[in-house]
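Reading through the structure tokens given below for one structure.
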Amino acid sequence: MSARLDGKVCVITGTGGSIGSAAAHLFAREGARVVGCDINQAAGEALTAEVTASGGKMISLQPCNLTEPSRCQALVNLAIERFGRIDVLYNNAARAYFNWVEDVSDAEWRATFDEEVSLVFYLTRAAWPHLKKSRGVIVNTSSATAWTTFTNLGALAHSTAKAGIVALTRHLAMEGRASGIRANSISPGVIVTKQSREQLKDPAWGDYFLGRILLQRFGEPEEVAKVALFLASADSSYVTGTDILVDGGLTAC
């Protein structure tokens, strides 16, 4: 164990999901005290029990709907009450909606920004005073769809929101510079998760994406989590205001 996050208090959202759970396990193994959350109570509780059983230090708040600013504040309060500080904020949680321009309803458009952008803003705003004190780190989750399009995927609202995350991250890096806050984002490509696994078995989807990925395989949640660990740790001490594509070369050609 390298203990790259030894003693750090790391807030990770969406820990009941595939990438969030991988990050919680990895961060805990690296010495972090993890504060998780999920909108799904059963999934959040199960993951917290797994991390704790494996020797990690983790607490979690669920159900936690991060589109509600009061719940974001409750999550920050939990971290401060239990551990006294916040060193890393990993804004991983989001819910994506996919549709073509003529079919995107007003409600779907609003929901996309609430569940992909607003929740990142609300939680970051709540954690900001504590990140200033700790000279902390922010890791946000964008997507390869912020950088490219796919002819079989109606992702207008989703892509727009994720491009917003890239811009939001850049501004956070600028605003946090005087306090020593670093902010970066990750743009995953096609990752095998609980949500995508079955769909990717369909040749209409799987073959299409494999044909565009230079490494000729889909990514795993742990591979995204390892990049998040790099950005959260001192290994990336001179990296801020940027986005890292974790896409196997999907956007390279």
Shared ILVMFWY cluster between [X] and [Y], side chains joined below 4.5 angstrom?
X      : Y      : result
Trp147 : Leu153 : no
Ile165 : Leu245 : no
Val166 : Phe113 : no
Val11  : Phe83  : yes
Leu61  : Ile39  : no

| query | Going by an N to O cut-off under 4.0 Å, is there a salt bridge joining Lys201 and Glu198? | reply |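 Looking at Glu198 together with Lys201, the answer is yes, because their closest N to O distance falls below 4.0 Å.
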| request: Considering only Ile, Leu, Val, Met, Phe, Trp and Tyr, and joining two whenever side-chain heavy atoms are under 4.5 Å apart, list the other residues clustered with Val239. | output: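 Direct or chained contacts put Val239 with Leu5, Ile12, Ile19, Leu26, Phe27, Val34, Leu47, Val51, Met58, Val88, Tyr90, Val137, Val139, Ile186, Ile191, Val224, Val227, Leu229, Phe230, Leu231, Ile244, Val246.
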| Between Arg197 and Ser18, a side-chain donor and acceptor under 3.5 Å |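 Ser18 and Arg197 do not have a side-chain donor-acceptor pair below 3.5 Å.
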| message | Between Asp243 and Ser187, do the side chains contain a donor N or O and an acceptor N or O under 3.5 Å apart? | response |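 Note: Ser187 and Asp243 side chains meet the donor-acceptor criterion.
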| said: Using side chain to side chain contact (heavy atoms under 4.5 Å, CB included), reason through Ser233 and Glu30 one step at a time and then give a plain yes or no. | reply: CA-CA 10 Å; Ser233 74; Glu30 292 287 344; over 6 Å; no
| query | Should we say atom CD of Glu102 is surrounded by more than 12 heavy atoms from elsewhere, each under 6.0 Å from it? | reply |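 No, CD of Glu102 has 12 or fewer neighbouring heavy atoms, counting only those of other groups under 6.0 Å.
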Could you work out, with salt bridge (charged side-chain N to carboxylate O under 4.0 Å, His left out) as the rule, every residue matching [X], not counting sequence neighbours?
X      : answer
Arg85  : Asp87
Lys162 : Glu116
Asp235 : Arg4
Arg135 : none

Rounded to the nearest 0.5 Å, what separates atom [atom1] in [X] from atom [atom2] in [Y]?
X      : Y      : atom1 : atom2 : value
Arg71  : Leu123 : CZ    : CG    : 12.0 Å
Leu78  : Ile59  : CG    : CD1   : 3.5 Å
Arg182 : Ser237 : CZ    : OG    : 6.5 Å

Heavy atoms, side chains only, cut-off 4.5 Å: are [X] and [Y] in contact?
X      : Y      : answer
Phe218 : Leu210 : yes
Ser159 : Thr149 : no
Thr169 : Ser142 : no
Val35  : Arg82  : no
Asp247 : Ile213 : no

Listed by chain and number, what are the side-chain contact (heavy atoms from CB on, under 4.5 Å) partners of [X], not counting sequence neighbours?
X      : answer
Ala111 : Tyr97, Glu115
Gln195 : Thr193
Asn152 : Phe150, Trp205, Tyr208, Phe209

So which atom in [X] and which in [Y] form the shortest heavy-atom distance, rounded to 0.1 Å?
X      : Y      : value
Thr13  : Ala93  : OG1-N, 2.8 Å
Leu89  : Ala127 : CD2-CB, 4.1 Å
Lys194 : Gly16  : NZ-O, 2.8 Å
Ser60  : Thr15  : OG-OG1, 4.1 Å
Thr67  : Asp114 : CG2-O, 3.4 Å
Cys37  : Gln62  : CA-OE1, 4.5 Å

| field | Test item: Ser134 side-chain N/O and His130 main-chain N/O as donor-acceptor pair under 3.5 Å | value |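 Yes, the answer is positive, given that a donor and an acceptor are paired below the 3.5 Å cut-off.
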| Side-chain (Asn184) to main-chain (Thr242) donor-acceptor, under 3.5 angstrom |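 At least one qualifying donor-acceptor pair exists.
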| request: If a pair satisfies side chain to side chain donor-acceptor pair (under 3.5 Å) and one of its residues is in residues 118-127, list it, with sequence neighbours excluded. | output: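 Those involving residues 118-127 are Asn91-Thr124.
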| So which pairs with a foot in residues 31-49 pass side chain to side chain donor-acceptor pair (under 3.5 Å), sequence neighbours left out? |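 Side chain to side chain donor-acceptor pair (under 3.5 Å) check on residues 31-49 returns Gln41-Glu45.
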| request: With sequence neighbours left out, write down each residue that passes ring pair (Phe, Tyr, Trp, His ring centres under 6.0 Å) with His25, or none if nothing qualifies. | output: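 So His25 forms no ring pair (Phe, Tyr, Trp, His ring centres under 6.0 Å) with any residue.
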Show which side-chain atoms of residues 172-181 pair as donor or acceptor with protein atoms under 3.5 Å away, not counting sequence neighbours.
from: Arg177; atom 1: NH1; to: Met174; atom 2: O; distance (Å): 2.6

